[in-house]
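Read the structure below first, then the notes.
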2 protein chains.
Amino acid sequence: MNIGAAAKLSGVSAKMIRYYEEIGLVPPADRTTSGYRDYSTPDVHQLRFIRRARDLGFSVAEIATLLGLWRDRTRQSADVKRIAREHVADLEGRIAKLQDMVDTLKTLADTCHGDERPECPIIRRLEGESVAPEVR
Amino acid sequence: MNIGAAAKLSGVSAKMIRYYEEIGLVPPADRTTSGYRDYSTPDVHQLRFIRRARDLGFSVAEIATLLGLWRDRTRQSADVKRIAREHVADLEGRIAKLQDMVDTLKTLADTCHGDERPECPIIRRLEGESVAPEVR
DNA sequence: GCTTGACCTTCCCATGGTTGGAAGCCTTAC
DNA sequence: GTAAGGCTTCCAACCATGGGAAGGTCAAGC
């Protein structure tokens with residue numbers, strides 16, 4: 001099948017399929033005599049695997065490892081589990097950072113009048129003035 | 001003062017100061033006769049403002065708006081508050097997505113033996129097989 | 001006054017993952 | 001035969017940041 005059909009079936013855009021091939025995440029696709037990329041059902045499965053891993057936030061580098069483990073019938077589930085756990089730790093670190101921002105901003109926004117007056121704890125905080133004493 | 005001193009005082013790297021000037025987030029700095037950028041204390045305060053806003057996850061576009069409000073003595077705190085709330089909503093959306101990934105992966109990893117055997121629910125999930133029936 | 005080292009300048013490149021577009025070839029349907 | 005749509009490659013952009021090269025400038029020490 002053509003790249004468009006493979007894209008539709010796998011959920012990976014044609015653009016990204018070509019990109020994954022270019023960076024070596026997937027092997028070069030077969031070509032028809034006219035130069036079109038030609039995909040088989042297993043190819044589509046592999047693309048779908050990649051798509052699902054991306055949806056779970058795995059980086060391309062991590063996916064390369066996961067694909068290797070997928071293809072390796074003698075793989076140890078411990079290896080897969082370790083990658084997943086490391087990835088979870090990474091995600092949780094990012095969540096914690098974002099949550100800190102949210103907490104700070106919510107606190108500031110809660111003490112901001114939000115009316116026509118210019119006085120604003122959010123701006124004051126960005127200016128560098130401590131807003132803590134405002135805690136009433 | 002030179003860009004290096006401004007960088008140290010503001011917490012914004014010299015690279016980024018030049019970049020912010022290039023994209024118009026800050027006005028072009030004064031120059032000495034020899035062409036060095038020359039910064040005043042208010043300049044440093046502005047850079048520090050930007051730095052703090054970045055630390056709270058605001059995009060450069062949002063910061064441009066915040067800087068405008070900062071400079072506007074007739075600003076309405078409602079405008080600042082609205083931007084902050086929108087940003088919080090954006091952050092919370094990103095957190096929710098990451099949290100979904102974490103939840104999924106944790107569930108999968110918890111049911112993965114993590115030993116020398118190849119059987120692995122994480123891989124199965126990426127293959128597309130539903131892992132839900134595994135729920136015991 | 002000269003050397004040295006630390007600073008500054010501009011310019012280009014790379015990151016990661018994705019999208020967009022342009023120019024040109026191929027296929028399919030009418 | 002022609003039109004539409006799919007395919008090819010190549011180039012650029014996003015966002016924010018860092019790295020580095022090549023060359024000019026400044027200040028301190030001798």
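Proteins get letters first, then strands, A, B, ... in listed order; numbering begins at 1 in each.
At least one side-chain heavy atom of V12(B) sits under 4.5 Å from a side-chain heavy atom of Y20(B).
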Exercise. Report the C-alpha distance between R18(A) and E22(A) in whole Å, list the side-chain angles of each, state the deciding distance to 0.1 Å, and finish with yes or no for salt bridge (charged side-chain N to carboxylate O under 4.0 Å, His left out).
Key: CA-CA 6 Å; R18(A) 294 192 195 99; E22(A) 185 193 330; over 6 Å; no
Practice problem: Evaluate the criterion side-chain hydrogen bond (donor to acceptor under 3.5 Å, both in side chains) for residue pair T107(B) and D110(B); output intermediate values, then yes/no. | Solution: CA-CA 5 Å; T107(B) 303; D110(B) 283 350; 6.0 Å; no
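For S34(A) and dT8(D), the shortest distance from a side-chain N or O to OP1 or OP2 is not below 4.0 Å. In this model, the phosphate group of dA16(D) is not approached by any side-chain N or O of Y20(B) to a distance below 4.0 Å at OP1 or OP2. Between R51(A) and dG17(C) there is no side-chain polar atom (N or O) within less than 4.0 angstrom of OP1 or OP2. Put simply, R37(A) has no side-chain N or O that comes within less than 4.0 Å of OP1 or OP2 on dG6(D).
Put simply, CG on D38(B) is 12 Å from C1' on dC8(C), counting in whole angstrom units. Computed from coordinates, the R31(B) CZ to dC26(D) P distance equals 14 Å when rounded to whole Å. The separation between E22(A) atom CD and dC11(D) atom P is 11 Å, rounded to whole Å. If you measure from atom OH of Y19(B) to atom P of dA16(D), you get 5 Å, rounded to the nearest angstrom. Note: CD1 (I17(A)) to P (dT18(C)) measures 12 Å, nearest angstrom. Between I23(A) atom CD1 and dT18(C) atom C1' the separation is 12 Å, expressed in whole Å. Here the P atom of nucleotide dA16(D) and the NZ atom of K97(A) are 16 Å apart, to the nearest Å. Atom CG in D55(B) sits roughly 9 Å away from atom P in dT17(D) (whole-Å rounding).
No path of Ile, Leu, Val, Met, Phe, Trp and Tyr side chains, each step under 4.5 Å between heavy atoms, connects Y36(B) with M1(B), placing them in separate hydrophobic clusters.
Here the side chain of I3(A) is nearest to one of dT17(D), dC7(D), dT18(C), namely dC7(D). In the set dG21(C), dA16(D), dC11(C), dG21(C) carries the atom at the smallest distance from any side-chain atom of K15(A).
Nearer to the 5' terminus of DNA chain C, by closest-nucleotide assignment, is the contact made by V60(A) (compared with the other of Y36(A) and V60(A)). If M16(A) and T32(A) are placed on DNA chain C by their nearest nucleotide, the residue sitting closer to the 5' end is M16(A).
The existence of a salt bridge linking R82(B) and D79(B) is confirmed by a sub-4.0 Å separation between a basic side-chain nitrogen and an acidic carboxylate oxygen.
Within the 4.0 angstrom heavy-atom criterion, base atoms lie near R18(A).
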